[in-house]
Engineer: 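Have a look at the structure that comes next, please.
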Amino acid sequence: MSTDSTAALVKSPGAASDGPAEAGPSGRRPRSRSAAAYLRYVAGKLAGATVSLFAVLVTSFFLFRMIPGDPVKHMTQGRPVSTEQLAAMRREFGLDLPLWQQFTDYCAKALTGDFGMSYQFRAPVIDKITEALPATLLLTGTAFVIYTVLGIWLGARSAWRGGKFGDRFGTAFALTLYSVPSFWLGLLLIVTLSVGVGPIPGFFPTGGMESGGQSGFAYVLDVAHHMVLPVLTLVAVEYARTLLVMRSSLLDEMGSDYLTTARAKGLRDDAVRRRHAVPNALLPTVTLLFVNLGNTVAGAILVETVFSWPGLGGLFYQALSVPDLPLVQGLFFLFAAAVILMNTLADVIYPLLDPRVGR
């Protein structure tokens with residue numbers, strides 16, 4: 001047998017095999033190694049989220065203590081109170097303790113979900129958060145569904161017709177809305193559609209969640225009527241971001257070879273976009289949607305305040321005006337935790353959609 005023939009029969013350690021993959025020295029298949037890499041990736045992201053949450057806990061304690069004003073004196077509402085009474089109130093809320101002891105007590109209780117007692121409501125902070133949470137979830141959840149569907153649909157259509165008038169107008173309009181502050185847009189909508197300008201009458205309430213005295217289906221319609229303007233404000237600002245990311249992602253996919261192959265097979269242009277281009281372009285958009293969900297909950301503070309919506313945003317504004325330190329700290333931690341949680345969830349899910357990430 002010639003030297004060349006003998007060499008051809010000897011496989012190098014790194015050569016590919018035509019048969020099924022052999023188990024390595026550890027007895028694991030390649031898929032197992034990939035799963036282990038994914039678990040290490042998830043563990044790293046969870047560890048980073050835990051550190052971030054602790055940093056938020058520390059920040060929330062020290063940051064709001066720099067707000068000017070004495071919460072104890074504010075609770076007396078200008079009534080004449082003796083020095084002994086003020087000292088007793090400070091002892092009641094633990095404000096007479098050294099700062100380091102207040103901090104350690106706060107961290108120890110926060111780990112169990114106890115954020116203390118609200119100064120102005122004289123109720124547990126977690127109870128006040130639980131009362132206001134449904135209103136915020138109703139508002140932000142409705143806005144999230146609308147701007148997600150609208151942003152993905154318009155972004156895909158805009159990219160597929162790139163360069164045409166509809167694409168240029170839609171992109172310019174989205175960029176304009178994306179740069180508008182949400183509170184300013186909310187005030188503008190109140191002036192034009194609630195108060196009325198010139199011949200334009202006011203169609204919607206200026207604020208609140210309900211008119212009162214309603215029940216059953218009439219109550220549902222009343223709440224929906226009050227939701228129109230705040231939801232419109234959130235949708236107008238957030239849909240623009242989704243549209244721009246979806247458009248950019250789809251434009252990157254449009255020059256790919258697999259789309260040319262799909263067209264060569266005789267598929268219609270709409271089918272190529274719907275079955276092939278859009279699913280691949282959705283990957284960055286899915287990540288953005290998780291991030292948007294966390295940001296929408298935290299960003300609803302201004303919108304809820306402008307429209308007097310009885311959610312977490314309005315509660316946060318009331319707490320800042322005192323300042324009600326336990327309530328402010330609890331809400332701040334909740335808002336930051338929502339953003340961190342959604343970002344972490346996006347990081348964990350993305351490798352399942354794109355195996356190139358986290359390996």
Engineer: Search all heavy atoms of Gly330 against all heavy atoms of Val125 and return the closest pair with its distance.
Structural biologist: CA-CG1, 4.3 Å
Engineer: Does Leu188 belong to the same Ile/Leu/Val/Met/Phe/Trp/Tyr cluster as Val235, with side-chain heavy atoms less than 4.5 Å apart forming each link?
Structural biologist: yes
Engineer: Can you pull out every salt bridge (Lys or Arg N to Asp or Glu O under 4.0 Å) where at least one residue sits in residues 127-151? Sequence neighbours excluded, please.
Structural biologist: Lys128-Glu131
Engineer: Counting only heavy atoms not in Phe62, do more than 12 fall under 6.0 Å of its CZ?
Structural biologist: yes
Engineer: Spell out, as yes or no, whether a donor-acceptor pair under 3.5 Å connects the side chain of Ser179 to the backbone of Thr176.
Structural biologist: yes
Engineer: Measure up the Phe165 and Phe169 rings against each other and bin them: parallel (under 30°), tilted (30 to 60°), perpendicular (over 60°).
Structural biologist: parallel
Engineer: Which heavy-atom pair separates Ala110 from Phe115 by the least distance, and what is that distance?
Structural biologist: CB-CE2, 4.0 Å
Engineer: Mind checking whether Leu345 and Val51 sit in one hydrophobic cluster, side chains of I, L, V, M, F, W, Y counted as touching below 4.5 Å?
Structural biologist: no
Engineer: Would you sort out whether Leu302 and Tyr317 count as a side chain to side chain contact (heavy atoms under 4.5 Å, CB included), showing the intermediate values?
Structural biologist: CA-CA 9 Å; Leu302 294 176; Tyr317 177 77; over 6 Å; no
Engineer: Taking all atoms of both residues into account, what is the closest heavy-atom pair of Arg247 and Ala159, and its distance?
Structural biologist: O-CB, 3.5 Å
Engineer: Check whether the ring centres of Phe332 and Phe316 lie less than 6.0 Å apart, and answer yes or no.
Structural biologist: no
Engineer: Answer yes if Leu189 and Val223 sit in the same cluster of Ile, Leu, Val, Met, Phe, Trp and Tyr residues linked by side chain heavy atoms under 4.5 Å apart, and no otherwise.
Structural biologist: yes
Engineer: Got a sec, which hydrophobics cluster with Phe217, joining ILVMFWY side chains under 4.5 Å apart, including via others?
Structural biologist: Leu221
Engineer: If we count only N and O atoms by modelled type, under 3.5 Å, do the side chains of Tyr106 and Ser60 hold a donor and an acceptor together?
Structural biologist: yes
Engineer: Provide the closest heavy-atom pair for Gly314 versus Glu304 in the form atom of the first, atom of the second, distance.
Structural biologist: N-OE1, 3.3 Å
